[in-house]
K.L.:
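Here you go, one structure.
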Amino acid sequence: MDRSRLELEPGLWLDAERAVWLEKPRVLAVADLHLGYAWAHRAEGNLLPISAQEDTTERLIRLIDRYQPNEVVILGDVVHRAMDAPALHTELRWLALNVGERARLRLIGGNHDRQLAATLAAAGIALEIDEAIEIGPHVLLHGDERHAKAAQERLARHGALNGRVILGHEHPAITLGDGVASRAKCPCFLVGPGVLVVPAFSAWAAGTEARDGQFLSPYPRLAPPTHAIAILAGKLLPVPR
Amino acid sequence: MPAPPAELSPVFAWFAEKYGEPTPAQQAAWPRLARGENLLLASPTGTGKTFAAFLGVLDQLAQDHAAGKLRDTIQCVYISPLRALSYDLEKNLREPLQEIFGEKPPIRIELRSGDTTASQRAKQFTKPPHILLTTPESLCVLLSQEKWLAPLASVRWVIVDEIHALAENKRGAHLALSLERLAEGREKLQRIGLSATVSPLPEVARFLVGTHGECAILDVASAKKIELSVHTPLRKNPYPEAGYTGQRLVRELGGLIRKHQTTLVFCNTRSGAEATTFWLRQSFPDLADVIECHHASLERDVRREVEDRLKRGELRAVVCSTSLELGIDIGAVELVVMMSTPKGVSKALQRAGRAGHNIHSVSRGVLMATNVSDLVESCATVLLARTRHLDDVRLPHSPLDVLAQHLVSMGCTAYWTRADALALIRRAYPFHDLATEDFDAVLDYLAGGGQSLRRQYSEVFGKIELDDEGFRTRDGRVRRDFLQNIGVIPNVGQVRVRLKNKALGSVEESFIRQLRIGDVFMVAGRPVRLEKVSQMEAWVARADGALPTVPRWNANKMPLSNRVAQEIEAFRGELRDALVTGTPDLISWVAGRLDCGKANADIILRTHLAQHELSEIPTADCLLVEELNDKDQPGLHYFFHSLIGRASNDALARIVTARLSRLRGGNAVATPHDYGFVLTVERRQRFTEDEIPALLKIEGADLALDESLRQSEMLKYHFRNAAQTGLMVYRNFFNQRKSVKKLQWSTEVIFNVLQQHEPDHVLMREARRDTLQSFIDTEGAHAFLTAQATRPVRLRKLTRVPPLSFAMYATKIKEALLVEDPYETMERLYHQWWSEIEHGPQPARA
């Protein structure tokens, strides 16, 4: 049995490579790329290694080649900091080029993407940034809105359609242990009534412990997750809460 | 050797008038120093080391002044690991200068540390002092600024105090590089090192003068009489029905405190110091006001007050961790008590040396043994101390994070060619075997990446500009940030504890997170109630009368020294032989062998007899492995009796665990201990005596160890330090005003990324080296495995924990039970165990 993929509900798949696959419309969604993470930190004086950066785009391309989607949606925090640096421009161009060759790339703006439009322009990339994208009964967004009211309305609307609010922003993770020696902090999906929280795609995300229940976004607060699906050794593992 | 003629030097004349005869240390040192020799002076505290080192310097400066030749530049730099030592020294040097020259002596002394204000620093630059008292970090800050090169070029003497406390860690490696930079390009820099009694002194001397220098060594250790004895509250009936040893310990300690004017009590941990202070005050309320606590996590002001009160003779006892081990002036201490063994002979001598009013009085130290293993260990320590068998000091080898920091520092003042920089670095003894490829790799890292990467991007945000010839440090923000982050001491997540507005000390974040508002814990031995917590601070109120939790600090515990381990093993072997050959009057035999008195001997003997009955006494000629199969427990425990100290057992345990996992699948938990290690497995992983040698073969041991360390907490801990020291992330990063929730990354993330993509990154290499060389003793494990190849193994299957395994077993349980006070847990278990033993097979009466 292929445990690297799991059909959460008909047509909605989770992939252990930290992606969501909407089968009917052929949409692949990932969250929180935080491109340029190391560069942003280096500009602050933290001499982080840049070896992992190419990895993000490469992993995404491999996913795209596997699924052959029509559209690829980034659920926000495309970049870590929209800085005016040639290195970041290069990364973004690389992303736009490689994804763009294969599918339509759509960007949702996250809290880290405030200046992203300007950076894209400076890099010569013609891409729109959306606040939210509706696909079938679902809505895809970042999840960083402040006001519970708007969130509530969205939950109600898409709940009525039997759809979900699919968001990123939380970088959810869950610590699994065998009670003896080993403990591992695993990125995970969080599933709640009408809500799906997607783990961060970026290798740099440390992950926030889901069991603490401290959510940044109003969505998981309004619709608390009932269970988590952890990613361990390339496989998906449903974990009861 | 006669002292220099008094008429010519007012300084020596002053000394002769004030103190009379010089101490042996002074007598031996002065002529050598007068001849310009580099000198390592090893002697206990209170033997006049300060004047041994400084009088010649003061004298020379005074003569210069008399001849009108005294220039306003820095001529002597004094470096110590603790600021407090510098404060004390300043006072001690001012005294002769003021008595000789009056209120404003022409020879000026200044302190320079993190505490020095901006205006003081400015003054020190415009009018440099003749003598600068500073720390390794502050010295490096000066060396990193071009404007200080001129004032430092005139330095003639450099004095390093408590050099033994620096040589064996990375702070010392850092200092060694600074010394070479200080000495660079000048004719003569006279180096003087002041050390406690450690071995081997030639290593420490090398550390002081570098690979190219000569150094005389003076070992005046015997100058001070140190008397050590072992005391234990375990009497004839060690564990009576009522009462816990913990309480009896406190009562005994109180008794000792009452009998002496001032007592200094050393505990091995900060928690221990807190708990002991608290319990002493509870048990002896009339002494509560004159018993204080002292450790590194208390605020400096709090500590200073304790030190001052101690000096003024206002306190009857101070309970400390290792904070008062070094030579801060604490006045006259009559007795030193060490709660449980100090884990090494050098430490025992160092601590005991803090007692005694002056060089002529005897320093008395008492080792208070809290359980039977402790008792044997303490006796062994005392025996070895009497015959001066010291522990070995080991220097770190080419720590790459320290190197990274210094290269940036060097690059601040000049453009360095690779060849020149490498040559200088290799002159520092800890770096004498630095490989060229490591040097190049560190430069690449600091430049922002390898050459191809740097060509790829116009801006890689490196710290240095690097080309084939050499390097220099980038200007502007890089330098400013760097100057704020010089040093080796890592920043652990600390929360400052405040009583109203007064800061008391700090506790670890992980401890505070476990508490709820209203919970009571202790600081400085006093119960306080948690009222409010923010990210970096916790506010408390006094909670006298409430029962507090002892805070835990995550400091690594000292492992047992090899010498003491060997001594204990020798004793066990001899006792086993004595038993087997039917030696009569075993109590007297033990008493004589350990020099411990008949009461102690009785307890020790009974324990070992019980061990002999239940299992066997583990000795050096066979490895004893005990399998504990308790039907009530889900798993099996194996006790490996490798008496090689916790650091070596840590390595050994990991090797065995890795192999067992491969052999049987699944996981295993190993708990290392000084006397061996415990392996906890599931029943299906049970193994036989025949299978043990395969777990212990020397071939492939390093691979197994490496595997086991890959995701270990210890490696991550060392990586965290390396990342800070090696300037990958700034220490202050963790103090930024981001909420913990938002701080969604940490050095753990960097570690994981590097583990996957760049496992050979210079800072990963440094983390592995540090892990293998500091808290894990790989060499010790190797030595054991090599010796074990020619020794038999014996597996004994037991249903009850035998006495000599008990310490290991209890450690394991102690680590799991965080809530209960460890003292309490130990006592409860000991009590249970003893009553089982007492009613079990009767040990043969001598």
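In what follows, chains are A, B, ... by sequence order, proteins preceding strands, each numbered from 1. This structure is a prediction, so every number in the text was calculated from the model and none was measured.
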K.L.:
Identify the heavy atoms of A/Trp204 and B/Val749 that sit nearest to each other, and give their distance.
P.N.:
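In this case the closest contact between A/Trp204 and B/Val749 is O-CG1, 3.1 Å.
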K.L.:
Kindly compute the distance separating CG (A/Leu88) from CD (B/Glu459), expressed to the nearest 0.5 Å.
P.N.:
13.0 Å
K.L.:
Can you check whether A/Asn46 reaches B/Met728 side chain to side chain, under 4.5 Å on heavy atoms?
P.N.:
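No, their side chains stay 4.5 Å or more apart.
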K.L.:
Does B/Arg683 have more than 12 heavy atoms from other residues, nucleotides or ligands lying within 6.0 Å of its CZ?
P.N.:
yes
K.L.:
Identify the heavy atoms of A/Arg42 and B/Phe461 that sit nearest to each other, and give their distance.
P.N.:
CB-CB, 3.5 Å
K.L.:
Counting heavy-atom pairs under 4.5 Å to chain A, which of B/Gly448, B/Ala723, B/Ser458 comes out on top?
P.N.:
B/Gly448
K.L.:
Between A/Gly45 and B/Lys463, what is the shortest heavy-atom contact and its length?
P.N.:
O-NZ, 2.7 Å
K.L.:
At their closest point, which heavy atom of A/Glu44 faces which heavy atom of B/Arg477, and how far apart are they?
P.N.:
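In terms of heavy atoms, the two residues are closest at O-NH2, 3.4 Å.
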K.L.:
How close do A/Leu47 and B/Leu727 get, heavy atom to heavy atom, and via which atoms?
P.N.:
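Smallest interatomic distance, heavy atoms only, reads CB-O, 3.9 Å.
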K.L.:
Does atom CD (A/Glu131) have a neighbourhood of more than 12 heavy atoms from anything else shown, all under 6.0 Å?
P.N.:
no
K.L.:
Is the CD atom of A/Gln115 crowded by more than 12 outside heavy atoms at less than 6.0 Å?
P.N.:
no
K.L.:
Starting from the C-alpha separation in whole Å, work towards a yes-or-no answer on side chain to side chain contact (heavy atoms under 4.5 Å, CB included) for B/Ile750 and A/Leu48.
P.N.:
CA-CA 8 Å; B/Ile750 307 179; A/Leu48 263 51; 3.8 Å; yes
K.L.:
As an exercise: rank B/Leu754, B/Asp481, B/Val478, B/Val460 by heavy-atom pairs under 4.5 Å with chain A and give me the winner.
P.N.:
B/Val460
K.L.:
At a heavy-atom separation under 4.5 Å, does B/Tyr445 approach chain A through its side chain, its backbone, both, or neither?
P.N.:
both
